Amino acid sequence: NAGVTQTPKFRVLKTGQSMTLLCAQDMNHEYMYWYRQDPGMGLRLIHYSVGEGTTAKGEVPDGYNVSRLKKQNFLLGLESAAPSQTSVYFCASLTGGSYEQYFGPGTRLTVT
Amino acid sequence: AQSVTQLGSHVSVSEGALVLLRCNYSSSVPPYLFWYVQYPNQGLQLLLKYTSAATLVKGINGFEAEFKKSETSFHLTKPSAHMSDAAEYFCAVRGRTGYQKVTFGTGTKLQVIP
């Protein structure tokens, strides 16, 4: 099993450009999450999903959109990137029968 | 609402010394608690978890943590630090019901001095 994978690993965008980050998990987990990690702020929840076709806002959802069309995939979109969105983005998944989240390796995004 | 506070954003210890990383939580009901470790340029890896069985939890790499309800604490310890322990450590809390929201602390960077 690959676990949780994220595509791409690195990306540089110019202000105003758009992009989509892909998270995929092969563990049949119901719950999926997108976090951003910034120095001194830990991990902050952007959006999450409790199942295929459902999404909900987390702590810092502004400027991001998500979709969960398939159970194994969770997409994070930036419609018009801003320098404040420069961060490392982590995807995680969880199944109701377990306790801990499983994390992907992260995507380092720089917006200039 | 649940929250986690990690005391000390940076901790330095000498190689071979005791490691103590502090975590206090706030939750309306006894939660699940976790410690994760992040090595440079990597994702988060689970060190250990408390799920209401034994209050002293042993994890990987010689780490352990004790759940103290009266103090609302879940401090992480290791008797003897190794150079390879240098990393950032995150405490996290999760509720037992609902949509399984997990709240993370702001992290503690551990430096191990030779």
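Because only heavy atoms are used, hydrogens play no part in the values below, and waters and symmetry mates are left out as well, while side chains stay in. Throughout, a chain's letter reflects where its sequence line sits, starting with A, and its residues are numbered from 1. Because the structure is predicted, anything quoted here is derived from the model rather than measured.
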Residues of residues 32-45 of chain B near chain A, each having a heavy atom less than 4.5 Å away: B/Y32, B/F34, B/Y36, B/Q38, B/N41, B/Q42, B/G43, B/L44
Within one Ile-Leu-Val-Met-Phe-Trp-Tyr cluster: A/L76 and A/F90, side-chain cutoff 4.5 Å: no
Connected via hydrophobic side-chain network under 4.5 Å: B/V11 and B/F63: yes
Portion of A/Q37 that has a non-hydrogen atom of chain B nearer than 4.5 angstrom: side chain
Working for side-chain contact (heavy atoms from CB on, under 4.5 Å), residues B/F104 and A/Q101: CA-CA 12 Å; B/F104 286 83; A/Q101 293 172 309; 3.5 Å; yes
Chain B neighbours within residues 102-112 of chain A, where any heavy atom lies under 4.5 Å away: A/F103, A/G104, A/P105, A/R108
Hydrophobic cluster membership, A/V88 vs A/F74, 4.5 Å side-chain cutoff: no
Spatial distance of atom CG (A/D38) from atom OG1 (B/T106) [nearest 0.5 Å]: 12.5 Å
Trace of the side-chain contact (heavy atoms from CB on, under 4.5 Å) decision for B/V102 with A/Y35: CA-CA 11 Å; B/V102 181; A/Y35 293 92; 3.8 Å; yes
Which atoms of A/Y99 approach chain B - backbone, side chain, both or neither, heavy atom under 4.5 Å: both
hydrophobic_cluster_shared for B/L56 and B/I60, side chain cutoff 4.5 Å: no
Heavy-atom contacts under 4.5 Å, residues 71-93 of chain B to chain A: B/E88, B/F90
Residues of residues 58-71 of chain A near chain B, each having a heavy atom less than 4.5 Å away: none
B/E15, CD atom: more than 12 neighbouring heavy atoms under 6.0 Å: yes
ILVMFWY network linking B/L21 to B/Y25, side-chain heavy atoms under 4.5 angstrom: yes
